[in-house]
Number of protein chains: 2
Amino acid sequence: MSKPAARIRLADAAFALFDERGYEQTTVDDIAERAGVGRTTFFRHYRSKEDVIFPDHDRLLTLIKDRLATSSHSTGLIAVSDAVRLVLLHYIDEGDLARRRYTLTSKVAVLRDREIASVARYQRLFREFIADWMGDPTESASLRAELMAAAVVAAHNHVLRRWLRGETSDPVVEMDEAMRDVVALFPAPSGSGEAGDAGTTLVAFRTGQDLDTLLPSLRRLVEGGTGR
Amino acid sequence: MSKPAARIRLADAAFALFDERGYEQTTVDDIAERAGVGRTTFFRHYRSKEDVIFPDHDRLLTLIKDRLATSSHSTGLIAVSDAVRLVLLHYIDEGDLARRRYTLTSKVAVLRDREIASVARYQRLFREFIADWMGDPTESASLRAELMAAAVVAAHNHVLRRWLRGETSDPVVEMDEAMRDVVALFPAPSGSGEAGDAGTTLVAFRTGQDLDTLLPSLRRLVEGGTGR
DNA sequence: CAATACAACGGTACTCAGTACCGTTGGGAG
DNA sequence: CTCCCAACGGTACTGAGTACCGTTGTATTG
C-alpha cells in the first residue's frame, strides 16, 4: 500500500531542503538521506535534480497533443487557445505545490530556464498545429502561425503567473477573457479565394479626416485590386 | 599580438569537435587539448561548455538595454520592434558562425534550451520596457504588454530562422515587413481622449456586398457615435 | 639594468550530477 | 516451497565546474 511512497517522500524532502538551504546548496544525497532512501532510488524516480520540481511536463505535453489531435474547432487558433486551458487547469489542480514551485523558479535561474524551455515546447507544438491547420506554406502564413502561438502562450503565462502570485481569484474566466483578446488580435485572413468571395474587403485604420474626404481613395483601393 | 588567440583557438576547436563527434561526445578536455591549452584556460575564457557557442548573449542584451534607454519613439512597441533589429544584425554580422551554431542547436536539446532561455531574457526586457512606457498598471495593459513583447520576439525569431536556414536573401527588409505586421496587430487604444481626435474611425470587416451598397450604413455608423 | 608588479597560463585536487552495473530483499503466483 | 520480479542499496565511474597554487612572460618603474 505504501510502496510508491518513496517518490512522494523524495519530493517532500526536496522541497523542504530547497526552502531551507536553497536549491544549489542542496545535494541529491541530502534529499535521499532525508527521504530515508538510497541515492540510486532518487534517480530511479526522477531523471535529474530539476525533475523533482517539474515531474509531469512531458505527460502534460502529450495530453495537450492528444487534445489537439482530437479537437474540431473552427480555426487552428481557437483550437489551440482552447487546449492551452488544460495547462492552467493542471496547475490549479496542483494547488499549493505549483505555488511553491513558482517561488523556487523565481529565485533560481537554472529552474527558471528549465521552465521556459518547457513552455517553448508547448509553443512549438502550437505553432506547428496552427501551421498545419492553415495548410498554407506561404511565408506570411508561417509568420502568422508563429505570432498566434506566441500570443496564446504569452496570454496563458500572464494569467497563470497572476494566479500563482495570488493576484486573481478566478483565473479560469480571466483566461477566457485573455484568449478572447488573443483571438480578436487576428482578424480572418483576407484575399484567400474561398467560395463566393468576390465582395468588398475593408482594412482598419483611423484618420482625422471625415468619411467624404477619404471616400475617393477608399473607392480606388477597393476597385484597384490589391492596394498598398 | 597573438595573445588572445587562445580564446579563438578554443572556439574553433570546440566547433570542429562538435561537428566531428557531436556535442555530448566531446569533453572539455578534448577541446582544450586540440586548442593546445590547459583545461583551466578553457574555463578562464568560457564559463561553461555551452558558453563556447553562445559567447556574447550578455553583451548583446545590455546593448539592447542601452538602446532602449536612449530611444525616443512614438510608442513602446515601436521602440522595441526597432531595438530588436540589433539582434538580427548581430547574427548577420556573425555570418557563417551563426549558421554553424544553428545546426548545432537544431540537433542538441541542451543547446536549444539554452538559446531559448536567452531569448526569454530579451522578451522579459521588452515586456518590462513596454509596460513601463505605457505606465498603466491595469491588468489588461499588462496583458497587452506581454502580448506585444511576445509578438516582437516571435516575429524576430521567424525572420532570423529563415535567414539561418538560407531561406531569404534579404532578412533586413523581411524584418521590416514582419515588424510592420506586428505593429499592425495592435491598434491604438481607443477611448482615451487625446488632443484633437474627433476624426473618423473605421473598423475592419469583410462583406460580400460592394462599397456603394454598404456606404449608407457605413455613414450611419460614422455619424452615429460609437456603433456596434 | 635590475627589481617589481601583473596578467595569463598549467596542474592538482576537490565537489557533485548523472550513469552503469551488481547484489539483495521482499513479497505474490505457480 | 520455489520461482519470479520489481524495487531497492551500494560501488565505481565519467565529466562539468570550482578553488587554489605555482610558473612564466611581459610591461613598468626606479
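Note on naming: letters A, B, ... go to the chains in the order of the sequence lines (proteins, then strands), and numbering restarts at 1 for each one.
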Any ion pair linking [Y] and [X] (charged N to carboxylate O, less than 4.0 Å)?
| X | Y | answer |
| --- | --- | --- |
| A:R121 | A:D58 | no |
| A:R101 | A:D96 | no |
| A:D12 | A:R34 | no |

Query - Side-chain donor/acceptor of B:Y46 to backbone N/O of B:L10, under 3.5 Å - result: no
**Report entry** Polar side-chain atom of A:K107 near backbone of A:G22 as donor-acceptor pair, under 3.5 Å
**Finding:** no
Could you tell me how far apart [X] ([atom1]) and [N] ([atom2]) are, to the nearest whole angstrom?
| X | N | atom1 | atom2 | result |
| --- | --- | --- | --- | --- |
| B:D30 | D:dA16 | CG | C1' | 13 Å |
| B:L10 | D:dA16 | CG | P | 14 Å |
| B:R7 | C:dC9 | CZ | C1' | 16 Å |
| A:E33 | D:dG10 | CD | C1' | 15 Å |
| A:Y46 | D:dC8 | OH | P | 11 Å |

Query - Partner of A:H158 under side-chain hydrogen bond (donor to acceptor under 3.5 Å, both in side chains), chosen from B:R127, B:R144, B:E139 - result: B:E139
Query raised in the report: Looking at A:T41, does any N or O in its side chain come under 4.0 Å of the phosphate oxygens OP1/OP2 on D:dG9?
Result: yes
Query raised in the report: Does C:dA8 have OP1 or OP2 sitting under 4.0 Å from an N or O in the side chain of B:H45?
Result: no
Query raised in the report: Going by the salt bridge (Lys or Arg N to Asp or Glu O under 4.0 Å) test, which pairs reach into residues 79-89 of chain B, not counting sequence neighbours?
Result: B:R67-B:D82, B:D82-B:R85, B:R85-B:D176
Requested in this report: Would you kindly say whether B:Y102 and B:R161 are connected by a side-chain donor-acceptor distance under 3.5 Å?
Outcome: no
Close N/O contacts between protein and nucleotides 15-18 of chain C (under 3.5 Å):
unit_1 : atom_1 : unit_2 : atom_2 : d
C:dA17 : OP1    : A:K49  : NZ     : 3.3
C:dA17 : OP2    : A:V28  : N      : 3.2
C:dG18 : OP2    : A:K49  : N      : 2.7
C:dG18 : N7     : A:R39  : NH2    : 2.5
C:dG18 : O6     : A:R39  : NH2    : 2.8

Requested in this report: Please list, chain by chain and in numerical order, all residues satisfying salt bridge (Lys or Arg N to Asp or Glu O under 4.0 Å) with A:R114, sequence neighbours excluded.
Outcome: A:E50, A:D51
Could you write out each protein N or O paired with an N or O of nucleotides 20-23 of chain D at a distance under 3.5 Å?
none

Query raised in the report: Roughly how bent is the helix from C:dC1-D:dG30 to C:dG30-D:dC1 end to end, in steps of 10 degrees, with each end axis from five pairs?
Result: 10°
Query raised in the report: What is the minimum heavy-atom distance between A:R112 and A:S106, and which atoms define it?
Result: NH1-O, 3.1 Å
**Report entry** Which residues share a side-chain hydrogen bond (donor to acceptor under 3.5 Å, both in side chains) with A:R124, sequence neighbours left out
**Finding:** A:E128
